[in-house]
Amino acid sequence: MAERVEERIEDRIERLMADYAECIDEGRLEEWPAFFAEKCLYRIITREGYRNKWPAGIMTCEGRGMISDRILSLRRANIYEAQIYRHLTSCMRIKGEEQGGWRVHTNFAVIRTMRTGEMIVFVAGFYDDLVIEQDGKLLYRERSAVLDSERIDTLLAIPV
Amino acid sequence: MNAPLQETARPALEWPAVGVSRVPFGIYTDQEIYQREQEKIFRGDAWHFVGLALEIPNTGDYRANFIGDTPVFSVRDAEGGIKVFVNRCAHRGAMLCLETRGHKKDFTCIYHNWSYDLDGKLQSIAFRRGVKGQGGLPADFDMGQHGLQRLRTETLNGLVFATFSQRVAPLRDWLGPRMTGHIERIFHKPVKVIGAYVQYLHNNWKLYIENVKDAYHASLLHTFFSTFGLNRLTMNGALDLSESGGHHISWSAMASDDAAGSEYQGNSLRAMNRDFDLADRELLKTWPEFDDGVTHAIQGIFPTFIVQQVQNALAVRLAVPKGTEETELQWILFGYEDDTPEQQRMRIMQSNLVGPAGLVSMEDGAVGGFIQRSIQQDGDRSAVLEMGGIEVESQKSRVSEASVRGFWKAYRGLMGL
């Protein structure tokens, strides 16, 4: 009888990241809030802001409600040209245990493709995450997308 | 056979005879116009924001920026004053400050180690006397003639401005009392930076500035408030223009009749018919920050500087031209040093409304590009600016393009168009 092998936490977090990236890249943005704990922090901040501990980023959502409002606004209110993201992530590692969860560092780059086919490396940087487990499911309690560049091309509608 | 050379004094573009109610599209695409702007506007008779004094608190702190295409830096000198120089070594022209912000004891060029003190004076030259009596500079080389190019500099409540012009009026006179008073109102006590970023726009700089001065588009392009049934109970407001037309303030005061009920909740935004509802209204929490009741005020200082009060989201913005087709938009978000933690939190939440990811205004990042792409081959056709008439004047209604016309009035004056 095959014994069920318990999955390593590193592999589970890696899969969480892959699922998260696929959700955004495939445009299933309504599913994006479910990657976060009810009580959470999601923000996009520049590297300079992260270093200087500036409290305001390019985007700051506290709680899953605000996260889902972002998507509602994108779908219903905001106007922007059709574009898709492709997340490339690497060098994931657990930096420590914290508040009953895991502090995780992952590099990312996002390639943005416009309707015309124009492609740019839209943002690159790292995620500073606090991942927790709730009811057997991994969730982001905190996710800071720290951007290497302080410069955003045109606008940032779709989350990173 | 070669055609005869055209007369170079000919203006690159003919302004429509009706005046500033028309804007020829070529103004956004023409390379000659761009060059003339560098000379007549960015090095002409106008003041240019280069940074906040608080970014350079200590002697030797510097902040690099651009006035038009020209790199400049501001530095805190030994006496605590602020000086602004062209960011360029007098020897070969290499940039001296390579970081946006930093600290230096002196400014030494990396190329040949020519070194300048904090007053821009050339203080030493590597191998000035040569080596073993060979090489080096001529004995009569006058180091006093080769300092950094210094700009006229003035500070207004912590905002640092500089100009290449020796003729332009002192800063406060150039701004006029209304514009000066508004800056003094926003910067009435020490501020602190709470965030900063840059938004890169694929349009001519003037299309962005027009967008800032265009109060007409606000509820039409930006539908966040109307979509979520958040009616802004805007009672009072106006468009105030400076004498030159070049500066403006578009302001409004939300109804505050129910503000007494709760200091922080429900006093400024009201739900009407909600087809969609936000799950969390935290980012709409505000408090009345100024005694005058004005809750929104966008101030455009000619040519490229903006002071923003969107409820409690305070910011300055600077548009820096990067060729005819691109613009770098710098944002600095700030609060006050004495903000309570709750006030700071509200500012952070409201910062979601503005900037490149701004729920209310992200569209401003794209709309200029939609124009830029459509006008490339139609330089002699014109945009129409007749909302609120064809005059340049202060107006009670913000369904008006008067401040956009005002910009063009000031622009044409400096450009000689």
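Each chain gets a letter, A, B and so on, in the order the sequences are listed, and its residues count up from 1. Predicted, not measured: the structure shown is a model, and the values here were computed from it.
Within a 6.0 Å sphere centred on CD of B:Q377, heavy atoms belonging to other residues, nucleotides or ligands number 12 at most. With a 6.0 Å radius and a threshold of 12 heavy atoms from other residues, nucleotides or ligands, B:F187 has its CZ atom above the threshold. The environment of CZ in A:R28 is crowded: more than 12 heavy-atom neighbours from other residues, nucleotides or ligands sit within 6.0 Å. Atom NZ of A:K53 has 12 or fewer neighbouring heavy atoms from other residues, nucleotides or ligands inside a 6.0 Å radius. Residue B:E99 qualifies as open at atom CD: its count of foreign heavy atoms under 6.0 Å is 12 or below.
If you run side chain to side chain contact (heavy atoms under 4.5 Å, CB included) between A:P55 and each of B:L333, B:V193, B:I348, only B:I348 comes through.
Listed options A:S149, A:G65, A:S73 were ranked by heavy-atom pairs under 4.5 angstrom with chain B; first place goes to A:S73. Counting heavy-atom pairs under 4.5 Å between each of B:F370, B:Y200, B:Y197 and chain A puts B:Y200 at the top. If you tally non-hydrogen atom pairs under 4.5 Å between each of B:G365, B:G368, B:A357 and chain A, the highest count goes to B:A357. When the candidates A:T46, A:I58, A:N78 are compared by the number of heavy-atom contacts under 4.5 Å with chain B, A:N78 comes out ahead. For chain A, the option among B:L283, B:N203, B:T223, B:L278 with the highest count of heavy-atom pairs below 4.5 Å is B:L278. Considering only heavy-atom pairs separated by less than 4.5 Å from chain B, the leading option among A:M59, A:E48, A:E81 is A:E81.
Atoms CE and CE, on A:M66 and B:M349 in that order, are 4.5 Å from each other to the nearest 0.5 Å.
Using a cutoff of 4.0 Å between basic side-chain nitrogens and carboxylate oxygens, B:K285 and A:E62 are not scored as salt-bridged.
In this structure, chain B has a heavy atom under 4.5 Å from the side chain of A:S68, while its backbone stays farther away. Of the two parts of B:L359, the backbone and the side chain both hold a non-hydrogen atom closer than 4.5 Å to a non-hydrogen atom of chain A. In this structure, chain B has no heavy atom under 4.5 Å from any part of A:I44. Of the atoms belonging to B:L329, not a single heavy atom falls under 4.5 Å from chain A. Only the side chain of B:R101 comes within less than 4.5 Å of a heavy atom of chain A; its backbone N, CA, C and O stay farther away. With a threshold of 4.5 angstrom between heavy atoms, B:Q330 does not approach chain A through any atom at all.
Nearest heavy atoms, B:T227 versus A:A77: OG1-CB, 3.6 Å. Between B:P356 and A:I152, the shortest heavy-atom contact is CB-CG2, 3.8 Å.
Side-chain contact between A:D69 and B:E282 is absent, with no heavy-atom pair separated by less than 4.5 Å. Side-chain atoms of B:I194 and A:W54, non-hydrogen and from C-beta on, never get closer than 4.5 Å to each other.
Within the 3.5 Å criterion, the main-chain N or O of A:I79 finds a donor-acceptor partner in the side chain of B:E363.
A donor-acceptor pair shorter than 3.5 Å can be found between the side chains of A:D153 and B:H202.
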